[in-house]
Amino acid sequence: MKTTIETTEGKALVIFEGVLDSYMAEEVGEKLEPLNELEDTEITLDCTKLEYIASSGLRLFLLLLRNTKARGCQIFIKGAAAELMEIFKATGFDRCFQFI
């Protein structure tokens, strides 16, 4: 699992590559931690190369949303394949996040 974070003024891009399962969740969570301090930022979670997301990965997305929304941030999910969209819909995440 590879996680790349690129930040510019007012924007952050997180690129996920591989499988975000419970084994990788702790490591990815540590990489996402600095994003919790952002304010008034548009955060895009690029899932174009994300092959699978487990419940522990979904939890990371939800925690990021909860921690940043109060700080004026918006989170977008980009490039989710049909298989990932099925997971997002089955868990109700399609109603929590904006998809682009």
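Residue numbers start at 1 and run along the sequence shown. Heavy atoms only: backbone and side chains are in, while hydrogens, waters and symmetry mates are out.
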Taken to the nearest 0.5 Å, the spacing of Thr3 OG1 from Glu17 CD works out to 8.5 Å
Take Phe93 and Leu62 through the test side chain to side chain contact (heavy atoms under 4.5 Å, CB included) and record every step on the way to the result. CA-CA 8 Å; Phe93 275 60; Leu62 191 58; 4.1 Å; yes
What's the verdict on side chain to side chain contact (heavy atoms under 4.5 Å, CB included) for Ile75 and Phe61, showing C-alpha distance, side-chain angles and the deciding distance? CA-CA 9 Å; Ile75 296 185; Phe61 281 24; over 6 Å; no
So do Leu64 and Asn36 actually touch side chain to side chain, heavy atoms under 4.5 Å? yes
Applying a strict under-4.5 Å side-chain criterion to I, L, V, M, F, W and Y, I'd like to know whether Ile5 and Leu63 cluster together. no
Answer yes or no: are there more than 12 heavy-atom neighbours, outside Glu26 itself, under 6.0 Å from its atom CD? no
Looking only at heavy atoms, the pair that brings Leu50 and Met1 closest together is CD1-CE, 4.0 Å
Sorted by chain and residue number, the ring pair (Phe, Tyr, Trp, His ring centres under 6.0 Å) partners of Phe99 (sequence neighbours excluded) come out as Phe88
What distance separates Leu20 CG from Arg59 CZ, expressed to the nearest 0.5 Å? 12.5 Å
Under 3.5 Å, side chain of Asp94 to main-chain N/O of Phe97, donor-acceptor pair present? no
Applying the 4.5 Å side-chain criterion to the ILVMFWY set and letting contacts propagate, would Met85 and Phe76 be lumped into a single cluster? no
A quick test of your reading: do over 12 heavy atoms of other residues, nucleotides or ligands sit less than 6.0 Å from NZ of Lys31? yes
Within 6.0 angstrom of Arg71 CZ, more than 12 heavy atoms from elsewhere: yes
Could you measure the distance from the NZ atom of Lys2 to the CE atom of Met24? Nearest 0.5 Å is fine. 12.5 Å
Could you give the distance from OG1 (Thr41) to CD (Glu39), rounded to the nearest 0.5 Å? 8.0 Å
Just how far is it from atom CD of Glu42 to atom SG of Cys73, taken to the nearest 0.5 Å? 10.0 Å
Who passes side-chain contact (heavy atoms from CB on, under 4.5 Å) against Thr48, sequence neighbours left out? Asp46
Chi angles and distances behind the side chain to side chain contact (heavy atoms under 4.5 Å, CB included) call for Leu32, Val14: CA-CA 8 Å; Leu32 296 179; Val14 184; 3.8 Å; yes
Return the CD1 to CG distance between Ile15 and Leu45, rounded to the nearest 0.5 Å. 11.0 Å
Any idea which heavy atoms bring Ser22 and Ser56 closest together, and the distance? CA-OG, 3.0 Å
Joint hydrophobic cluster, Leu65 plus Ile77, side-chain heavy atoms closer than 4.5 Å: yes
Member of Leu60, Asp21, Leu58 meeting the side chain to side chain contact (heavy atoms under 4.5 Å, CB included) criterion with Ile53: Leu58
Answer with yes or no whether the hydrophobic clustering places Leu13 together with Leu84; edges join I, L, V, M, F, W, Y residues whose side-chain heavy atoms lie under 4.5 Å apart. no
